Amino acid sequence: MIRIAAVAAAVLMAAALFTLALPIEGWRTGDQGLAPLDSVPEAATPPLPRRVWIDTDAACGHSPRTDPDDCFALALLLRSNNVEVVGISTVAGNAPHEMVVRTTRALVKEVGSPVPVHNDASALRAALDQGPLTVLALGPLTNLAEVFRQNPELTKNVVRIVAVMGRRPGHIFHPAEGSGGGMLFGHGPVFRDFNFALDPDAAAQVLAMKLPMSFIPYDAARGIELTAADLDRMVTSLRWIVQRSRDWLDYWRSDIGRAGFYPFDLLAAAYVVEPSWLLCTPVRAWVGEDDRLFRLWARKALLVQPDANGAALYCGRARREVKQRVMGFFD
């Protein structure tokens, strides 16, 4: 019986490897006939207040496969004159919570900012009590769900939640995008909708509150890469972050097969600084089963569908000049 099971496992493994070797365009790019974003008219983001609260799971450089995106996002917002960051809270995500707290505090010190860093989002209550806020969630929505559940009266001052998550049904986050240079026959790894996957219940709770929301998804960062040349350009002003980005860049070049990495959270920060830098589509958003994915994938997802009457915005396309504008903050 054990021998038969071993043979069956070997056959399944061989079949899986054969599947990865197949040049199936939709599989290799993750675009399996997705609902086009231009099927409904683009929508402008209503004006955002200058006051911003950031909830982050920053762990830049914690391991070779820990992304530095949160740190670039924090640095952009702390340096921008367009916004006033009134507080930063931390949440477990890219690393254990203790590591996130240490990393975020070290970054804020490196940037030379006086903005306080809190162990959790309890201080968000006081900030909301003082006036309208844009809330930027760079990690799972654990903290926000807890604060809003305990203090529903304060949500009146939440002008907009900007969350790094969400996808169209059937979308597989496949960063190799058919480049053919990554691991597994050039197939490369497949990413999760990470922030949602870490706490889907919190995402569902926040979505059910029907607060104004903008989703900055994987889609938004496609086509914008931070390369070795970009890191070299930023090394004078952001040395601490750049040093913690080199291993992540190496991972993208060796295992994924791209020249640079997609800066997911940095695009969300750019949107808060200037919403017009991203193109947003009104969508209907819900948490549910994605029946367009194979069983082997986690099918529960925060899904969006273009809808002219949708209450949320899905900002899935960045304007061409965004990278140049963002890099200007770091020169």
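Treat the numbers as computed from the prediction; the structure is a model and nothing was measured.
Using modelled atom types, no side-chain atom of S80 and backbone atom of L76 make a donor-acceptor pair closer than 3.5 Å. N82 places a side-chain N or O within donor-acceptor distance of the main-chain N or O of V273, the cut-off being under 3.5 Å. Proximity of a side-chain donor or acceptor of N151 to a complementary backbone N or O of L154 within less than 3.5 Å is not detected. Although no hydrogens or angles enter the test, the distance criterion places a donor-acceptor pair under 3.5 Å between the side chain of E274 and the main chain of S276. Put simply, the side chain of D57 gets close to the backbone of N94: a donor and an acceptor are under 3.5 Å apart. No donor-acceptor pair closer than 3.5 Å links the side chain of D250 to the backbone N or O of D247. The backbone N or O of V287 sits nowhere less than 3.5 Å from a side-chain atom of K300 that would complete a donor-acceptor pair. With S39 contributing its side chain and P36 its backbone, the two residues share a donor-acceptor pair below 3.5 Å. Between the R105 side chain and the V117 main chain, a donor and an acceptor come within less than 3.5 Å of each other. Proximity of a side-chain donor or acceptor of D193 to a complementary backbone N or O of G166 within less than 3.5 Å is detected.
L198 and I54 are members of different hydrophobic clusters when ILVMFWY side chains are connected at heavy-atom separations under 4.5 Å. Two different hydrophobic clusters hold L211 and L303 under the rule that ILVMFWY side chains link at heavy-atom gaps under 4.5 Å. Under the 4.5 Å side-chain heavy-atom criterion for Ile, Leu, Val, Met, Phe, Trp and Tyr, F173 and Y251 are members of the same hydrophobic cluster. Under a hydrophobic-cluster definition in which Ile, Leu, Val, Met, Phe, Trp and Tyr are linked whenever side-chain heavy atoms come within less than 4.5 Å, directly or via other members, L78 and L136 are assigned to the same cluster. Note: the hydrophobic cluster containing V235 also contains V111 (ILVMFWY, side chain heavy atoms under 4.5 Å, direct or indirect links).
Side-chain contact between P189 and I256 is present, with at least one heavy-atom pair separated by less than 4.5 Å. By the 4.5 Å heavy-atom criterion applied to side chains, P282 and D307 are not counted as neighbours. Between M213 and V206 there is a side-chain heavy-atom pair separated by less than 4.5 Å. Contact annotation: the side chain of F72 approaches that of S245 to within less than 4.5 Å [non-hydrogen atoms, C-beta and beyond]. By the 4.5 Å heavy-atom criterion applied to side chains, C71 and T103 are counted as neighbours. The shortest side-chain heavy-atom distance between D255 and R65 falls under the 4.5 Å cut-off. H97 is listed as a side-chain neighbour of N119, based on a closest heavy-atom distance under 4.5 Å. Side chains of I88 and V108 form a contact here, defined as non-hydrogen atoms less than 4.5 Å apart.
Ring centroids of Y218 and F264 are separated by less than 6.0 Å, placing the two rings close together. The distance between the ring centers of Y314 and F215 does not fall below 6.0 angstrom.
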Pair R160-S214, side-chain hydrogen bond (donor to acceptor under 3.5 Å, both in side chains): steps then yes or no
CA-CA 7 Å; R160 183 159 296 269; S214 291; 3.1 Å; yes
From CA spacing to verdict: side-chain hydrogen bond (donor to acceptor under 3.5 Å, both in side chains), D120, S89
CA-CA 5 Å; D120 55 38; S89 53; over 6 Å; no
With side-chain hydrogen bond (donor to acceptor under 3.5 Å, both in side chains) as the criterion, how do T66 and W248 come out once you've worked through the C-alpha distance, each side chain's angles and the decisive distance to 0.1 Å?
CA-CA 7 Å; T66 302; W248 180 246; over 6 Å; no
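Contact check on D232 versus R246 returns a salt bridge, with a Lys/Arg side-chain nitrogen under 4.0 Å from an Asp/Glu carboxylate oxygen. Salt-bridge formation is detected for the pair R167/D290: a Lys NZ or Arg NE/NH1/NH2 atom is positioned less than 4.0 Å from an Asp or Glu carboxylate oxygen. The residues R222 and D219 are annotated as salt-bridged, a charged nitrogen and a carboxylate oxygen being separated by less than 4.0 angstrom. Taking a cutoff of 4.0 Å between a charged side-chain nitrogen and a carboxylate oxygen, R319 and E42 qualify as a salt bridge. Taking a cutoff of 4.0 Å between a charged side-chain nitrogen and a carboxylate oxygen, R317 and D38 do not qualify as a salt bridge.
Side-chain atoms of H118 and T90 include no donor-acceptor pair closer than 3.5 Å.
Among all heavy-atom pairs drawn from L226 and L249, the shortest one is O-CD1, 3.8 Å.
Heavy atoms from other residues, nucleotides or ligands lying under 6.0 Å from CG of D331 number more than 12. Atom CD of Q324 is surrounded by 12 or fewer heavy atoms from other residues, nucleotides or ligands within 6.0 Å. Other residues, nucleotides and ligands place more than 12 heavy atoms under 6.0 Å from the NZ atom of K156.
Remark: of the listed residues L48, V158, N157, N157 is the sole one forming a side-chain contact (heavy atoms from CB on, under 4.5 Å) with P132.
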